[in-house]
Amino acid sequence: MIELISPPKSLDILLARANQLAGYSLGEIADSVNVDMPLNLNKHKGWVGNFIEQLLGATAGSKAEQDFTHLNIELKTIPISHQGKPLETTFVALAPLTGNVGLTWQMSHVHNKLQQVLWIPVEGEREIPLKDRKIGTPILWSPTQAQERMLQQDWEELTELISLGQFDAINARIGVALQLRPKGANSKVRTDAFDSNGLPIKTLPLGFYLRNSFTHTIITDHVRNDSNTYL
DNA sequence: CGCTGATCATAC
DNA sequence: GTATGATCAGCG
């Protein structure tokens with residue numbers, strides 16, 4: 001896209017930028033910065049996330065762990081219903097299918113990425129034309145102790161299944177907060193793993209996702225204090 | 001109609 | 001293929 005926006009030098013600057021977006025529609029903002037936008041997300045699933053990244057000065061296409069490495073903050077847009085509930089799960093990270101021996105929760109990418117997240121709610125009802133969907137008030141979140149425990153427990157259970165090569169037993173129904181689901185171009189994609197006998201196999205790539213019930217609590221817990229609140 | 005499994009785009 | 005950003009689609 002365009003608009004070269006420098007990375008925010010401080011948390012305050014990042015939050016100020018994010019707050020300035022609240023209340024405006026994607027179309028209004030895209031117009032103001034002369035960015036072309038798709039009619040819908042059908043073939044542009046990551047468009048909103050990439051657009052917000054650029055508006056806030058995240059380094060696009062980076063391989064860094066977080067979007068704002070220097071601030072230790074991960075950016076996530078989240079589609080919200082009229083009732084303020086998440087409409088989609090939140091992808092966190094690709095699940096390593098090998099090399100999990102000796103890996104702990106504290107060392108994991110999931111833990112690292114979820115230490116501090118700046119959530120940007122965006123209206124996500126499919127009946128609302130993409131350009132008319134409004135951006136909401138940003139939420140800077142870090143897991144509570146209870147949430148942290150929940151995440152760790154799920155991560156350990158899911159990672160254990162991977163380590164044991166129990167891929168037949170893995171499905172999206174496991175886990176209270178976190179779940180494992182396919183993450184790839186399509187169902188034919190394969191990646192390296194080890195089966196229950198420790199033998200090399202090729203299997204479907206998986207990713208860790210946050211369930212809507214979990215992200216909903218993040219939004220619910222967030223205290224709104226004044227009239228300058230959207231969504 | 002919520003949720004799981006499948007899928008889309010892009011950079012390297 | 002991996003890693004970034006996610007949402008689509010249709011079964012139960």
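To find a chain, count down the sequence lines: A is the first, B the second, and so on, and within it residues start at 1. Everything quoted here is computed from the prediction, not taken from an experiment.
Atom CG of A/L210 is separated from atom P of B/dC3 by 14 Å (rounded to the nearest Å). Counting to the nearest Å, the P atom of C/dT4 and the CD atom of A/Q54 are 17 Å from each other. Atom P of nucleotide B/dT7 and atom CZ of A/R190 are separated by 11 Å, given to the nearest angstrom.
Contacts of A/G124 with the nucleic acid, taken as non-hydrogen atoms under 4.0 Å apart, are absent. Using a 4.0 Å heavy-atom cutoff across all strands shown, A/V189 reaches sugar-phosphate atoms only and no base atom. Note on A/N171: only backbone sugar-phosphate atoms sit closer than 4.0 angstrom, heavy atoms only; bases stay farther off. Residue A/P205 is classed as having no contact, given no heavy-atom separation below 4.0 Å to the nucleic acid. The residue A/G46 sits close to a base: some heavy atom pair falls under 4.0 Å.
Classified by interplanar angle (parallel below 30°, tilted 30° to 60°, perpendicular above 60°), the ring pair A/H70/A/F68 is perpendicular.
To the nearest 0.5 Å, the span separating CD on A/E123 from CG on A/L26 amounts to 9.0 Å.
Among residue pairs with one or both ends in residues 184-194 of chain A, those qualifying as side chain to side chain donor-acceptor pair (under 3.5 Å) are A/D192-A/K202; sequence neighbours excluded. Applying the salt bridge (Lys or Arg N to Asp or Glu O under 4.0 Å) test to every pair with at least one member in residues 155-176 of chain A, sequence neighbours left out, gives no pairs at all.
Contact of A/K183 with B/dT7 (side chain to base): no donor-acceptor pair of N or O atoms is detected under 3.5 Å. The base of C/dT7 sits within donor-acceptor range of the side chain of A/R181, with an N or O pair under 3.5 Å.
For C/dA6, the OP1/OP2 oxygens have no side-chain nitrogen or oxygen of A/T90 closer than 4.0 Å. Taking 4.0 angstrom as the limit, A/S187 places a side-chain polar atom (N or O) nearer than this to OP1 or OP2 of B/dT7. For A/K76 and C/dT4, the shortest distance from a side-chain N or O to OP1 or OP2 is not below 4.0 Å. Note on A/R173: a side-chain N or O is less than 4.0 Å away from OP1 or OP2 of B/dG5.
Among the nucleotides C/dG5, C/dG1, B/dT4, the one closest to the side chain of A/A172 is B/dT4. Nearest nucleotide to the side chain of A/L204, out of C/dG1, C/dG5, B/dA6: B/dA6.
For A/L39, the side chain to side chain contact (heavy atoms under 4.5 Å, CB included) criterion is met by no residue, not counting sequence neighbours. Taking the salt bridge (charged side-chain N to carboxylate O under 4.0 Å, His left out) definition, one finds that A/R17 meets it with nothing, sequence neighbours left out. Checked against side chain to side chain contact (heavy atoms under 4.5 Å, CB included), A/A169 has the following partners two or more places apart in sequence or in another chain: A/Q166.
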Could you go through nucleotides 9-12 of chain C and list every protein N or O atom that sits under 3.5 Å from one of its N or O atoms, giving the distance for each pair?
none

